[in-house]
Peer 1: 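A single structure is presented below for examination.
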Amino acid sequence: RRKLKPEEKDNFGVITPSAVNNLRERIFGTIQLVSIGVTSIALVVGAIVIMNIMLVSVTERTKEIGIRKSLGARRADILKQFLAESIALALSGGALGVSIAYALSKLVAALTPIPTALPLIAVAVALLVSGGVGLVAGVYPAWRAANLDPIAAMRSD
């Protein structure tokens with residue numbers, strides 16, 4: 001049918017469904033690895049930003065911390081307060097990210113024939129991870145605030 005001579009190379013190929021699946025897996029596997037790397041870097045950068053914000057907050061509120069400690073607040077109380085603030089900060093960022101993802105998925109579904117979905121388990125994992133990042137990023141600033149000397153903290157300007 002192809003009018004090939006016996007010594008000529010074949011000018012056709014056979015593509016099986018398994019070959020198509022293997023190609024798809026290779027492409028999406030690479031994309032998945034790259035996206036995991038990018039999001040990991042973003043989480044580390046976000047944690048550093050949250051830690052810096054909380055350290056500035058501790059520095060600015062040194063007098064408040066000193067007053068609270070002199071009125072009877074324990075180290076654990078100060079620690080819990082600053083950890084709660086860093087977790088709340090991270091969770092609000094996570095919620096904003098989930099909201100943007102939801103809006104983008106609805107936009108893609110409206111403008112293209114590609115069906116999109118945002119599973120609740122993905123939302124829960126995203127919020128859990130962002131809260132965990134806030135917790136980890138807030139440990140050092142909270143520890144630093146909890147260990148302030150109340151007398152020295154009240155003298156600071």
Side-chain angles (χ1 to χ4, degrees), residues 18-157:
S18 65
V20 172
N21 274 342
N22 288 339
L23 177 65
R24 183 183 58 82
E25 289 297 322
R26 279 199 321 241
I27 291 171
F28 285 126
T30 304
I31 291 171
Q32 185 178 13
L33 286 175
V34 169
S35 64
I36 287 172
V38 169
T39 54
S40 298
I41 291 170
L43 285 173
V44 169
V45 169
I48 291 169
V49 169
I50 290 171
M51 186 182 298
N52 285 337
I53 289 170
M54 294 307 297
L55 284 170
V56 168
S57 177
V58 168
T59 304
E60 289 178 352
R61 295 164 59 187
T62 301
K63 192 169 245 172
E64 172 196 334
I65 295 165
I67 292 170
R68 285 193 65 209
K69 286 185 112 180
S70 67
L71 291 175
R74 298 170 305 196
R75 285 183 177 182
D77 297 329
I78 305 292
L79 191 74
K80 287 176 191 174
Q81 175 189 350
F82 280 92
L83 283 177
E85 288 178 18
S86 68
I87 292 170
L89 186 63
L91 280 176
S92 62
L96 181 65
V98 167
S99 300
I100 290 170
Y102 180 75
L104 286 176
S105 71
K106 289 300 177 187
L107 183 67
V108 166
L111 297 178
T112 65
I114 301 170
T116 60
L118 190 60
L120 287 179
I121 189 73
V123 172
V125 167
L127 293 177
L128 186 69
V129 168
S130 66
V133 167
L135 178 67
V136 169
V139 168
Y140 176 68
W143 176 82
R144 191 165 164 185
N147 287 329
L148 284 175
D149 180 34
I151 296 170
M154 288 175 50
R155 281 189 196 151
S156 71
D157 285 326

Peer 1: Where is the tightest heavy-atom contact between G134 and A90, given as atom of each residue plus distance?
Peer 2: CA-CB, 3.5 Å
Peer 1: Return all side-chain donor-acceptor pairs below 3.5 angstrom for residues 27-50, not counting sequence neighbours, or 'none' if the list is empty.
Peer 2:
from, atom 1, to, atom 2, distance (Å)
T30, OG1, R26, O, 2.9
S35, OG, I31, O, 3.2
S35, OG, Q32, O, 2.9
T39, OG1, S35, O, 2.9
T39, OG1, I36, O, 3.0
S40, OG, I36, O, 2.8

Peer 1: Would you compute the distance between atom NZ of K69 and atom CG of N147 and round it to the nearest 0.5 angstrom?
Peer 2: 6.0 Å
Peer 1: Hey, could you give me the CE/OG1 distance between M54 and T59, rounded to the nearest 0.5 Å?
Peer 2: 11.0 Å
Peer 1: Indicate the atoms forming the closest heavy-atom contact of V139 with L135, along with that distance.
Peer 2: CG2-O, 3.1 Å
Peer 1: Measuring from atom CG of L23 to atom OG of S18, what distance do you get when rounded to the nearest 0.5 angstrom?
Peer 2: 11.5 Å
Peer 1: Suppose we screen for side chain to side chain donor-acceptor pair (under 3.5 Å). Which residues come up paired with D149, at least two apart in sequence or across chains?
Peer 2: none
Peer 1: Quick one: CG on L83 to CH2 on W143, what's the gap to the nearest 0.5 Å?
Peer 2: 13.5 Å
Peer 1: Indicate yes or no for a side-chain donor-acceptor contact from S57 to the backbone of I53 under 3.5 Å, with no hydrogens or angles considered.
Peer 2: no
Peer 1: Could you state the interatomic distance from CG (L107) to CD1 (I100), rounded to the nearest 0.5 Å?
Peer 2: 13.0 Å
Peer 1: May I have the list of side-chain donor-acceptor pairs in residues 113-131 shorter than 3.5 Å, sequence neighbours left out?
Peer 2:
from, atom 1, to, atom 2, distance (Å)
T116, OG1, S105, O, 2.7
S130, OG, A126, O, 3.3
S130, OG, L127, O, 3.0

Peer 1: When rounded to the nearest 0.5 angstrom, what is the spacing between CZ in R61 and CD1 in I78?
Peer 2: 9.0 Å
Peer 1: Is it true that R74 and D77 have a side-chain N and a carboxylate O under 4.0 angstrom from each other?
Peer 2: yes
